[in-house]
Each structure stands twice: as C-alpha cells, then as structure tokens.
Amino acid sequence: MRNHDPLIDQLSASVQPVRRTWPTLWRVAGWTALALPCGALSSWALHSRYTDWSQPGALTALLTLLLSFVLGLSAITGSFTLSLAGRQPPNVLWRVLMALVWLALNLSNLSASQPTAGAGRFGEGVHCYLFMLSASLPMMVITVVSLHRTRSLRPGRSLALAGCGIAFMSSVLLSLCHNTTLHLIDFSMHLAAGVTITGLTVLAGRRWVGLERH
C-alpha cells in the first residue's frame, strides 16, 4: 500500500487558514458606515446647496429619502445574502412593492410649476445624474471588494441587487442637497442614473465576484 503521509504533509503545509465571513448584518452595517461617507466625499464638488426642509413638498421628500435608505439597505442585504452558498435567494416581492410606493411618492411630488431655464435644457437633470454617478463610484468599489471576499454562484443577480442598493443610497445623498419638489425631466434623469449605476455595477464586478471556472 502506498504511503500517503508525505502528500498529506505537503498539502497541509500549503493550505491557507480560512477566515470566517462576518454575519450579513455586520457586513451591511460596515458597508453603510464606509460607503455613504465615501459617496458623499466623492460627490462633494457637485454639492451646491442643502435641502430647505421648510419648502412645500418637504414631508413627501423626507418620506422618499427614508424609503430610499430602507430600499438601499434591503438591496445590499439581499446581495450579500445571495453571495453565500446555501442561502436562499431573497424574496423580491415586498421590495418591488416598496419600490412602487417610492415611485408613487416621487410622482406625487412632481411640481406643476414651470422648471427653471437650466432644468428645461436638462441642466438640472444632468447635474443630478452626474451627482449620483459620482457618489456611486466609491460605493461600487467597496461593494465589489466585499463580494469578492465570498464570491457568488449568481454573480449577475448579486451585483444587480448591489447596484440597485447603490443607486438608492446615491439618491439618499442627492436628497440632502436637492429641491423638495421635482420636475419631470429632473426625475427622469434620476431614474436614468439608477439604471446606469446598476448596469455599471454588474459590468464592473462580474469578473471579480463570479466563481472561477477551470
């Protein structure tokens, strides 16, 4: 019978210790504590004012901000959960319902007044679009690094959920320096920024989050 002890000793010497992954809630808390400040700093150059919460529509805008934060946390939590082998895919039904409520609140807060000259030429909307993209870039990096730690059997879904979470968190930061009411063109650019952020997150992270195949 062949002696396998030398092979076992060789493999034992080359094995690296396994670091236990943090619980999902701790990972989400750490992500939030790091990503939001980094997003705020990266978009600082586009931060032109603070929201005046005494203006009309402030209550709806505040509810939208809080709902954006909850949706962002929920999407990031779902992304981290999905990246762990053996975990069930998150139920997206109630997230979709919350997103529909978020959409309805924003649509109800559209201003009937004429937009400013800059907003009429997409100026204000482009500013918001660039703000959200600028805020999202460090969040993307932090997210991909976090997901690379565990990888994922479903990298596309994990990254799509993460991209949605980043988009909502960027929206939270934008709400802190935006008018309490919206114009249609302005809000359309918000939605376009969210779609762009989600797509970029999937494209940028797919190579680093997917499991290696040999």
Checking the side chain of [X] only, and the main-chain atoms of [Y] only, is there a donor and an acceptor separated by less than 3.5 Å?
{"X": "Ser74", "Y": "Leu71", "value": "no"}
{"X": "Thr51", "Y": "Cys177", "value": "yes"}
{"X": "His47", "Y": "Arg49", "value": "yes"}
{"X": "His183", "Y": "Leu110", "value": "no"}
{"X": "Arg27", "Y": "Ser146", "value": "yes"}
{"X": "Ser79", "Y": "Ala75", "value": "no"}

Can you establish whether the number of heavy atoms outside Trp53 located under 6.0 Å from its atom CH2 is more than 12?
yes
Step through the shown structure and confirm whether more than 12 heavy atoms of other residues, nucleotides or ligands are within 6.0 Å of CG on Leu66.
yes
Enter the distance from [X]:[atom1] to [Y]:[atom2] here, rounded to the nearest 0.5 Å.
{"X": "Leu100", "Y": "Leu105", "atom1": "CG", "atom2": "CG", "value": "11.0 Å"}
{"X": "Phe80", "Y": "Trp26", "atom1": "CZ", "atom2": "CH2", "value": "15.0 Å"}
{"X": "Leu173", "Y": "Met132", "atom1": "CG", "atom2": "CE", "value": "9.5 Å"}
{"X": "Arg154", "Y": "Ser83", "atom1": "CZ", "atom2": "OG", "value": "11.0 Å"}
{"X": "Leu184", "Y": "Asn106", "atom1": "CG", "atom2": "CG", "value": "11.5 Å"}

Answer yes or no: is there a side-chain heavy-atom contact under 4.5 Å between Leu159 and Arg206?
yes
Are side-chain heavy atoms of Met98 and Leu67 found at a separation under 4.5 Å?
yes
Which heavy atom of [X] sits nearest to which heavy atom of [Y], and what is that distance?
{"X": "Val144", "Y": "Gly205", "result": "CG2-CA, 3.8 Å"}
{"X": "Pro37", "Y": "Leu34", "result": "CD-O, 3.5 Å"}
{"X": "Ile197", "Y": "Thr201", "result": "O-OG1, 2.7 Å"}
{"X": "Leu65", "Y": "Ser175", "result": "CD1-CB, 3.5 Å"}
{"X": "Asp186", "Y": "Cys128", "result": "OD1-SG, 3.2 Å"}
{"X": "Leu84", "Y": "Thr150", "result": "CD2-CG2, 3.8 Å"}

Report the relative orientation of the aromatic rings in [X] and [Y]; use parallel for angles under 30°, tilted for 30 to 60°, perpendicular for over 60°.
{"X": "Trp208", "Y": "His148", "value": "perpendicular"}
{"X": "Trp102", "Y": "Phe168", "value": "perpendicular"}
{"X": "Phe187", "Y": "His190", "value": "perpendicular"}

Answer yes if the side chains of Ser54 and Asp52 hold a donor-acceptor pair under 3.5 Å, and no otherwise.
yes
Using distance alone, with no hydrogens and no angle criterion, decide if Ser134 and Ser43 have a side-chain donor and acceptor under 3.5 Å apart.
no
